[in-house]
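Contents: one structure, followed by commentary.
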Amino acid sequence: ALQLTESGGGSVQAGGSLRLSCVGSRYIVDNYCMAWFRQAPGKEREGLAYMTAVGSTGYAHSIRGRFTISRDNAKNTLYLQMNSLELEDTAIYYCAAHNNAVCQLRQDLFNDWGQGTQVTVAS
């Protein structure tokens, strides 16, 4: 199994920004479909953004225009830049990866998950 380690979470005021990082245990970032998900208290986990092995991206409507997914191949790291954060963005954020052909924000496609990083947005 792949090891994925997220970091960068924390507490921030509404309107602020955070950048999450996800480091892979081996050379996967530009070979796998990778994505960010989140799970808010009392809610189901939802997909936010994905990046294909060739660098195409897709976003959920709920965060489009505020969040940006990117990667640094040399560092084997996936990022999620989050701007204009809202109270509703409070959640545990997870990165995930798989190397199947289809790259979409479907949880059932993803085999490997990080442990998550907490993001708390306060008023």
Side-chain angles (χ1 to χ4, degrees):
L2 303 174
Q3 182 175 353
L4 302 171
T5 304
E6 302 98 335
S7 63
S11 297
V12 64
Q13 286 192 321
S17 299
L18 283 174
R19 188 178 77 161
L20 306 183
S21 300
C22 172
V23 179
S25 60
R26 63 173 190 255
Y27 197 61
I28 63 170
V29 171
D30 64 339
N31 288 281
Y32 278 57
C33 170
M34 300 195 72
W36 288 97
F37 291 79
R38 70 183 178 190
Q39 187 165 20
K43 296 186 178 180
E44 294 188 354
R45 190 159 53 187
E46 65 169 326
L48 301 176
Y50 68 84
M51 178 172 280
T52 70
V54 296
S56 299
T57 59
Y59 294 91
H61 288 288
S62 61
I63 55 90
R64 192 168 296 173
R66 296 191 298 123
F67 293 6
T68 303
I69 190 170
S70 63
R71 70 188 185 203
D72 184 331
N73 294 345
K75 295 182 178 180
N76 210 26
T77 300
L78 183 76
Y79 299 102
L80 185 68
Q81 177 67 43
M82 306 187 295
N83 299 327
S84 302
L85 284 163
E86 304 170 351
L87 300 181
E88 293 74 21
D89 295 318
T90 295
I92 300 174
Y93 285 70
Y94 301 90
C95 69
H98 72 76
N99 63 348
N100 299 318
V102 176
C103 191
Q104 298 176 2
L105 289 175
R106 283 173 43 190
Q107 298 184 51
D108 62 305
L109 295 175
F110 290 86
N111 304 315
D112 296 286
W113 295 79
Q115 82 289 349
T117 185
Q118 176 72 47
V119 171
T120 303
V121 184
S123 59

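FYI, side chains are in, hydrogens and waters are out, and symmetry mates aren't considered; it's all heavy atoms of this structure.
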What pair of heavy atoms forms the shortest contact from [X] to [Y], and how long is it?
X   : Y   : answer
G24 : L4  : CA-CD2, 4.0 Å
A60 : G47 : CB-O, 3.3 Å
E46 : S62 : OE1-OG, 3.8 Å

Using side-chain heavy atoms (C-beta onward) and a distance below 4.5 Å, is [X] in contact with [Y]?
X    : Y   : result
L2   : Y32 : yes
T52  : C33 : no
Q107 : R45 : yes

Atom [atom1] in [X], atom [atom2] in [Y]: separation rounded to 0.5 Å?
X   : Y   : atom1 : atom2 : value
L78 : R71 : CG    : CZ    : 8.5 Å
M34 : M51 : CE    : CE    : 10.0 Å
L20 : E6  : CG    : CD    : 8.5 Å
L48 : R66 : CG    : CZ    : 9.5 Å
L80 : I63 : CG    : CD1   : 7.0 Å

Subject >> disulfide (SG to SG under 2.5 Å) pairs, two or more places apart, involving residues 66-98 >> reply: C22-C95

**OP:** Could you tell me which residues satisfy side chain to side chain contact (heavy atoms under 4.5 Å, CB included) with T5, sequence neighbours excluded, listed by chain and number?
**Re:** Q3, Q115

Original post:
Residues two or more places apart in sequence or in another chain: which of them pass side chain to side chain contact (heavy atoms under 4.5 Å, CB included) with V121?
Top reply: V12, A14, L85, L87, D89, T90, V119

**OP:** Please test N99 against N31 for side chain to side chain contact (heavy atoms under 4.5 Å, CB included), starting from the C-alpha separation and ending with a verdict.
**Re:** CA-CA 7 Å; N99 63 348; N31 288 281; over 6 Å; no

**OP:** Under the side chain to side chain contact (heavy atoms under 4.5 Å, CB included) rule, what do K75 and V23 come out as? Steps first, then yes or no, please.
**Re:** CA-CA 8 Å; K75 295 182 178 180; V23 179; over 6 Å; no

Has the side chain of [X] got a donor or acceptor atom that lies under 3.5 Å from a matching backbone atom of [Y]?
X    : Y    : result
Q39  : I92  : no
T117 : G9   : yes
N100 : V102 : no

**OP:** With sequence neighbours excluded, give me every ring-ring contact (aromatic ring centres under 6.0 Å, His included) pair touching residues 80-123.
**Re:** F37-F110, F37-W113, H98-F110

Original post:
Which ring-ring contact (aromatic ring centres under 6.0 Å, His included) pairs, counting each pair once, include a residue from residues 47-86, with sequence neighbours left out?
Top reply: none

Subject >> side-chain hydrogen bond (donor to acceptor under 3.5 Å, both in side chains) assessment of N83 paired with S17 >> reply: CA-CA 4 Å; N83 299 327; S17 299; 3.0 Å; yes

Subject >> R106: salt bridge (Lys or Arg N to Asp or Glu O under 4.0 Å) partners, not counting sequence neighbours >> reply: D108

